[in-house]
Novice: 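First, the structure itself, so that you have it in front of you.
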2 protein chains.
Amino acid sequence: MTKPKHEPLIDLCRQRGLRITGQRRVILQVLDAADDHPNVEELHRRVGEREPGVNIATVYRTMNKLADLGLIERHIFDDGRLRYEPAPDEHHDHLINVDTGEVIEFRSDEIERLQEEIAQKYGFEIVSHKLELYVRLRKKR
Amino acid sequence: MTKPKHEPLIDLCRQRGLRITGQRRVILQVLDAADDHPNVEELHRRVGEREPGVNIATVYRTMNKLADLGLIERHIFDDGRLRYEPAPDEHHDHLINVDTGEVIEFRSDEIERLQEEIAQKYGFEIVSHKLELYVRLRKKR
DNA sequence: CATCCAGATGCAAATGAGTCGCAAGTATGA
DNA sequence: TCATACTTGCGACTCATTTGCATCTGGATG
Ligand SMILES: [Mn+2]
Ligand SMILES: [Mn+2]
Ligand SMILES: [Zn+2]
Ligand SMILES: [Zn+2]
């Protein structure tokens with residue numbers, strides 16, 4: 001979400017030479033339409049609404065392929081399952097409401113900068129990072 | 001690591017009324033001696049060096065119990081397996097060398113503060129958070 | 001268009017970390 | 001010393017994800 005949904009994934013797939021099968025077409029539509037971070041089971045469910053009969057193994061395989069090509073991002077939040085979202089134009093991190101499961105995206109240039117600073121201090125360069133805030137509604141006060 | 005290893009876990013366990021069995025004694029020793037973030041398989045291996053015959057299910061159960069009591073912390077880095085460390089006196093985050101697997105601990109009050117700020121901005125309070133920097137040695141330049 | 005085949009799919013079986021049921025063993029308080 | 005609630009070993013189980021394999025097909029080619 002917070003994603004202007006630049007280009008449909010299907011075009012990116014074509015560019016990368018992926019065969020566009022009926023199953024993939026639907027899966028890509030579902031991904032493009034998603035404004036959340038669904039896991040494979042949920043993706044498969046959404047695919048099934050548009051086109052029954054697509055096997056969940058196909059969804060798994062497609063997600064792996066898309067992730068390898070960098071067209072989608074893979075996340076694992078605290079439930080331990082693989083979740084996906086179309087690769088965003090601009091990096092963001094996640095804030096997860098532990099009560100509802102809702103995921104909110106945010107970006108802090110300040111934090112990004114401090115991370116770089118820390119890595120540098122130890123003589124490293126950052127390959128990737130993960131920042132997740134597990135939160136609940138602030139009560140009273 | 002970076003842990004003054006304040007009090008052996010065994011005392012904390014006694015305080016909490018956990019029965020001190022031979023297996024637990026060894027497991028706790030291994031945890032106290034660890035200066036890294038071993039997974040259960042590795043813990044079981046280390047336990048086996050001191051006292052063969054302890055079942056890995058016992059290690060799993062003990063880790064769950066200790067984590068429930070807050071005596072140890074559970075982490076899941078990018079390999080997806082459960083890793084443990086004695087609960088540190090002071091919160092820290094992790095920097096993981098993707099080439100070697102080495103884990104370095106760091107703490108940034110600055111980042112901690114910014115996280116709070118962000119959560120607050122959205123009307124939430126932080127329950128927990130995860131910050132992991134996956135890094136590699138900075139080459140040349 | 002008809003052909004061809006590398007790549008894609010469905011299905012079932014395999015994998016692998018972690019959990020659980022149960023019978024047998026034991027730490028600990030009385 | 002006893003009683004019993006807690007632990008353990010062990011194998012079976014779970015469940016998300018992966019994989020082997022036979023079959024199918026997108027899309028390049030002529
Ligand atoms: Mn996101
Ligand atoms: Mn640590
Ligand atoms: Zn970030
Ligand atoms: Zn932190």
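Chain A is the first sequence line, chain B the second, and so forth, proteins listed ahead of strands; every chain is numbered from 1.
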Novice: Looking at every heavy atom in both A/His94 and A/Val103, which two are closest together, and how far apart are they?
Specialist: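 Scanning both residues completely, I find the closest heavy atoms to be CD2-CG1, 3.5 Å.
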Novice: For B/Arg16, give me all partners under side chain to side chain contact (heavy atoms under 4.5 Å, CB included), at least two apart in sequence or on another chain.
Specialist: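 Checked B/Arg16 against side chain to side chain contact (heavy atoms under 4.5 Å, CB included); matches are B/Leu69, B/Leu71.
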Novice: Near DNA chain C, counting only heavy atoms under 4.0 Å, which residues of residues 47-55 of chain A show up?
Specialist: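 Here the set is A/Gly53, A/Val54, A/Asn55.
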Novice: Going by the rule salt bridge (charged side-chain N to carboxylate O under 4.0 Å, His left out), which residues pair with A/Arg107 if we only count those two or more places apart in sequence or in a different chain?
Specialist: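 Counting only residues at least two positions away or on another chain, A/Arg107 forms a salt bridge (charged side-chain N to carboxylate O under 4.0 Å, His left out) with A/Glu90, A/Asp109.
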Novice: For each nucleotide in nucleotides 23-30 of chain D, reading 5' to 3', give B when a protein heavy atom comes within less than 4.0 Å of its base, S when such contact involves only the sugar-phosphate, and - otherwise.
Specialist: --BBS---
Novice: Taking all non-hydrogen atoms of both residues into account, name the closest pair between B/Glu85 and B/Asp36 and its distance.
Specialist: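 Minimum heavy-atom contact is CB-O, 4.1 Å.
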Novice: Would you please name every residue forming a side chain to side chain contact (heavy atoms under 4.5 Å, CB included) with B/Arg113, sequence neighbours left out?
Specialist: B/Glu110, B/Glu117
Novice: Check the phosphate of D/dC6 against B/Lys65, side-chain N and O only, distance under 4.0 Å to OP1 or OP2. Yes or no?
Specialist: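 No, no such contact exists.
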Novice: Keeping A/Asn97 on the side-chain end and A/Leu137 on the backbone end, is there a donor-acceptor pair under 3.5 Å?
Specialist: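 No: the side chain of A/Asn97 does not pair with the backbone of A/Leu137.
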Novice: Does C/dT26 have OP1 or OP2 under 4.0 Å away from a side-chain N or O of B/Gln23?
Specialist: no
Novice: Considering just the side-chain nitrogens and oxygens of B/Thr58, establish if one lies under 4.0 Å of OP1 or OP2 belonging to D/dG9.
Specialist: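 Yes, such a contact exists.
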Novice: Which pairs pass ring-ring contact (aromatic ring centres under 6.0 Å, His included) with one or both residues in residues 101-139 of chain B, sequence neighbours excluded?
Specialist: B/His91-B/His129
Novice: Output the rounded distance in Å from NE2 (B/His75) to P (C/dA17).
Specialist: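 In whole Å, C/dA17 P and B/His75 NE2 are 20 Å from each other.
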Novice: Rounding to a whole Å, what distance do you find between B/Leu66:CG and D/dT7:P?
Specialist: 11 Å
Novice: The criterion is salt bridge (charged side-chain N to carboxylate O under 4.0 Å, His left out); which residues satisfy it with B/Arg19, sequence neighbours excluded?
Specialist: none
Novice: Mind listing the N/O atom pairs, protein and nucleotides 18-20 of chain C, below 3.5 Å?
Specialist:
{"residue": "C/dG18", "atom": "OP1", "partner": "B/Leu82", "partner atom": "N", "Å": "2.7"}
{"residue": "C/dG18", "atom": "OP2", "partner": "B/Tyr60", "partner atom": "OH", "Å": "2.8"}
{"residue": "C/dT19", "atom": "OP2", "partner": "B/Asn64", "partner atom": "ND2", "Å": "3.2"}

Novice: So for the helix from C/dC1-D/dG30 to C/dA30-D/dT1, with five pairs setting each end axis, what is the inter-axis angle to 10°?
Specialist: 30°
Novice: For the pair B/Glu49 and B/Arg46, find out whether any cationic side-chain nitrogen is under 4.0 Å from an anionic carboxylate oxygen.
Specialist: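 A salt bridge is absent here (no side-chain N lies under 4.0 Å from a carboxylate O).
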Novice: Taking A/Val54's backbone N and O only, do any of them form a donor-acceptor pair with A/His44's side chain (distance below 3.5 Å, no angle check)?
Specialist: yes
Novice: Could you list all the side chain to side chain donor-acceptor pair (under 3.5 Å) pairs where at least one residue sits in residues 54-69 of chain B, not counting sequence neighbours?
Specialist: B/Asn64-B/Arg74
Novice: Give the rounded distance in Å between these two atoms: CG of B/Asp78 and P of C/dA17.
Specialist: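 Spelled out: CG on B/Asp78 to P on C/dA17 is 16 Å.
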Novice: Between A/Ile76 (CD1) and C/dA17 (P), how many Å, whole number?
Specialist: 14 Å
Novice: A/Arg50: what forms a salt bridge (charged side-chain N to carboxylate O under 4.0 Å, His left out) with it, not counting sequence neighbours?
Specialist: none
Novice: By salt bridge (charged side-chain N to carboxylate O under 4.0 Å, His left out), which residues pair with A/Glu102, not counting sequence neighbours?
Specialist: none
